[in-house]
Student: 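My questions will all concern the structure given below.
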Amino acid sequence: MDVFRLTGPSQLRGVVDIRGAKNSVLKLMAASLLAVGRTTISNVPAILDVRIMVELLVRLGCSVDYDAEAGVVSIDVPELVGIQADYELVRAMRASISVLGPLTARMRSAHVALPGGDAIGSRGLDMHQAGLEALGATVHLDHGYFVAEAPEGLQGTEISLQFPSVGATENLVMAATLAHGVTTISNAAKEPEIVDICSMLVEMGARIDGIGTPDITVTGVSELRPVDHRTVGDRIVAGTYAFGAALSGGDVTVRGVGLDLMPNIAIKLRDAGATVDPLDGIELGDGTLGAGFRVRGADRPKAIRVATMPFPGFPTDLQPFVIALNSVAEGTGLLSENLFEARWRFVQEIARLGAKVRIDGNHALISGVEGLSGAEVEASDIRAGAGLVMAGLRAVGITEVSGIDHIERGYENFVTNLRSLGADIERVEKRDILTFE
Ligand code: UD1
């Protein structure tokens, strides 16, 4: 069992390059199933979830070349693809359910294992199901599998989502691209990752209007063509390093994600006393030109009040970093979680570092302390794990974070990046006392 061992306190200073968004690239890979031939996706981060999606596509019959270092996935999709996403893979990565829409649309049948809950509250699939049924598919549960059938193909329709679900919007847009006629989706999600997926679908020949608005209209076409597409930068990873700079009193230049993708994040960082400056037209790590920004943290951050909301609101995925920042801030901060059933396992862990957090329903009230003290803590999900590492920057002594496989699902080169930013962190092997020889 490996852990991240961090010796604090330390500040983050320097430059970090961010590649494509996990939450976009996995869906772009699923969308490739909609067209026969070779689709190539670039700016792909080297993370475990990409490997899981590669495995899923291979099991569906695609031939996939993945160059993790170059950040390129090339997917050759045959005329006939398989229709089953196995439990083993869906359980390992919930985003596997994004093959549901493409398979139902193109193969007219999909058997996708129901994901178990992961550690972040219950996450239903009812909007995915209702949307596919509105598009004319029959959907039922069979031995733990979600089975969608549309023998005559899907039929355009009007769909109104009760909530702007990211996953449901993506699955339904992908399904509608090959439906007969026009589909309108109201109350659609507007996240930059949705815009990225819709942009790739348009390059593939799909007809989509209202991209990035709550009202998306898709006019079905009979087939799509494979394309080359560059993944949008990961605003959550960018936000992670930005919060790391703000809470540690550091100075970090983030390259690969512009502030236009993170409007509310920049506002909250400034509320915390950080200086945040956009950087446009800068050279990125791979030599291309793009956007970035620089964050300079105050010596001690000021407490902030944040409510998580669908885009352009403050993203739920950054909530652990808000709690971490407030834990060491001047004053009392508040975090209200509005998207998921609250992810408070993180709070129990950061309390081990000395954070003072009181929970009331979906609200966390955080009283800032001068400094935290290093301790052993456990990551319960990707962002909680990264949040504990960032909190450890402000903790005196050694913080050891276990459960790092969660972190590596979403962050490439995490230790290397943090070391190059000046953190004293290493990955070390630790014997699990429950493993007897
Ligand atoms: C995606 C992101 C995740 C992010 C979330 C919200 C990926 C792989 N994951 O998750 O990191 O935190 O968006 O920005 O892209 N819901 C239902 N029924 C449904 C669908 C959703 O009740 O059919 C509920 C969920 O339980 C949750 C809320 O809607 O409470 C938001 O879920 P959704 O936007 O769908 O998130 P994901 O796509 O799962």
Side-chain angles (χ1 to χ4, degrees), residues 20-31 45 47-50 52-53 56 89-90 92-101 112 114-134 139 141 146 148 159-175 185 187-198 214 231-232 234-237 239-240 261-262 264-265 307-322 336-343 346 362 380-387 406-407 409-411:
K22 169 181 87 71
N23 289 350
S24 191
V25 75
L26 301 171
K27 328 300 174 63
L28 298 174
M29 292 170 74
I47 53 173
L48 186 61
D49 277 11
V50 168
I52 297 175
M53 195 52 139
L56 174 53
L89 292 174
V90 182
M93 187 185 70
R94 192 177 191 277
S96 309
I97 58 171
S98 54
V99 299
L100 182 63
V112 177
L114 273 187
D118 54 18
I120 50 174
S122 68
R123 299 162 79 174
L125 285 179
D126 51 319
M127 288 184 257
H128 298 246
Q129 173 168 359
L132 284 176
E133 284 172 344
V139 179
L141 187 67
F146 197 85
I159 298 170
S160 175
L161 298 177
Q162 304 144 33
F163 178 88
S165 154
V166 169
T169 302
E170 290 161 350
N171 249 326
L172 298 175
V173 168
M174 289 190 282
I185 304 174
N187 202 20
K190 307 191 290 272
E191 270 66 6
E193 296 76 26
I194 306 257
V195 172
D196 195 27
I197 293 149
C198 288
T231 315
V232 69
D234 198 317
R235 67 198 164 99
I236 305 299
V237 175
T240 299
L261 298 188
M262 30 202 305
N264 261 282
I265 303 170
T308 64
M309 290 289 187
F311 190 83
F314 193 93
T316 177
D317 288 7
L318 288 181
Q319 64 124 289
F321 309 98
V322 173
S336 303
E337 173 56 55
N338 296 314
L339 266 80
F340 289 103
E341 263 175 41
R343 310 169 167 188
F346 170 73
N362 64 325
S380 55
D381 68 52
I382 305 176
R383 311 303 168 190
H406 287 296
I407 302 176
R409 283 186 45 196
Y411 291 88

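Indexing begins at 1, ligand by ligand and atom by atom, following the structure's order. These numbers come from the heavy atoms of this one structure, side chains and all, not from hydrogens, waters or symmetry mates.
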Student: Check this for me - ligand 1, Pro164, N or O atoms closer than 3.5 angstrom, yes or no?
Tutor: no
Student: Out of Val166, Asn171, Asp126, who gets a non-hydrogen atom closest to atom 1 (C) of ligand 1?
Tutor: Val166
Student: Quick one: does Phe163's side chain get under 4.5 Å of Pro310's, heavy atoms only?
Tutor: yes
Student: Can you sort out which atoms of ligand 1 are near Leu339, meaning under 4.0 Å from one of its heavy atoms?
Tutor: 6 (C), 27 (C), 28 (C), 30 (O)
Student: Check whether any N or O atom of Asn23, backbone or side chain, sits under 3.5 Å from an N or O atom of ligand 1, and answer yes or no.
Tutor: yes
Student: Indicate, as side chain, backbone, both or neither, the part of Lys27 found under 4.0 angstrom from ligand 1 when only non-hydrogen atoms are considered.
Tutor: side chain
Student: Go through it in stages, so that I can follow the logic: the residues are Glu193 and Arg235, the test is salt bridge (Lys or Arg N to Asp or Glu O under 4.0 Å), and I'd like the CA-CA distance, side-chain angles, deciding distance and then a yes or no.
Tutor: CA-CA 9 Å; Glu193 296 76 26; Arg235 67 198 164 99; 2.8 Å; yes
Student: Backbone, side chain, both or neither: what part of Phe163 comes under 4.0 angstrom of ligand 1, heavy atoms only?
Tutor: side chain
Student: So do the side chains of Val166 and Asn23 get within less than 4.5 Å of each other, counting heavy atoms only?
Tutor: no
Student: Under 4.0 Å from a heavy atom of Gly167: give me the atoms of ligand 1 that qualify, with their elements.
Tutor: 35 (O), 38 (O)
Student: How about Pro320 and Asp381: do any of their side-chain heavy atoms sit closer than 4.5 Å?
Tutor: no
Student: Show the atoms of ligand 1 that are less than 4.0 angstrom away from any heavy atom in Asp317.
Tutor: 3 (C), 4 (C), 11 (O), 12 (O)
Student: With a 4.0 Å cut-off on heavy atoms, is Arg94 touching ligand 1?
Tutor: yes
Student: How long is the gap from NZ on Lys27 to OG1 on Thr231, to the nearest 0.5 Å?
Tutor: 12.5 Å
Student: If you measure from CD on Glu191 to CD on Glu170, what distance do you get to the nearest 0.5 Å?
Tutor: 8.5 Å
Student: Do the non-hydrogen side-chain atoms of Thr308 and Val322 ever get within less than 4.5 Å of each other?
Tutor: no
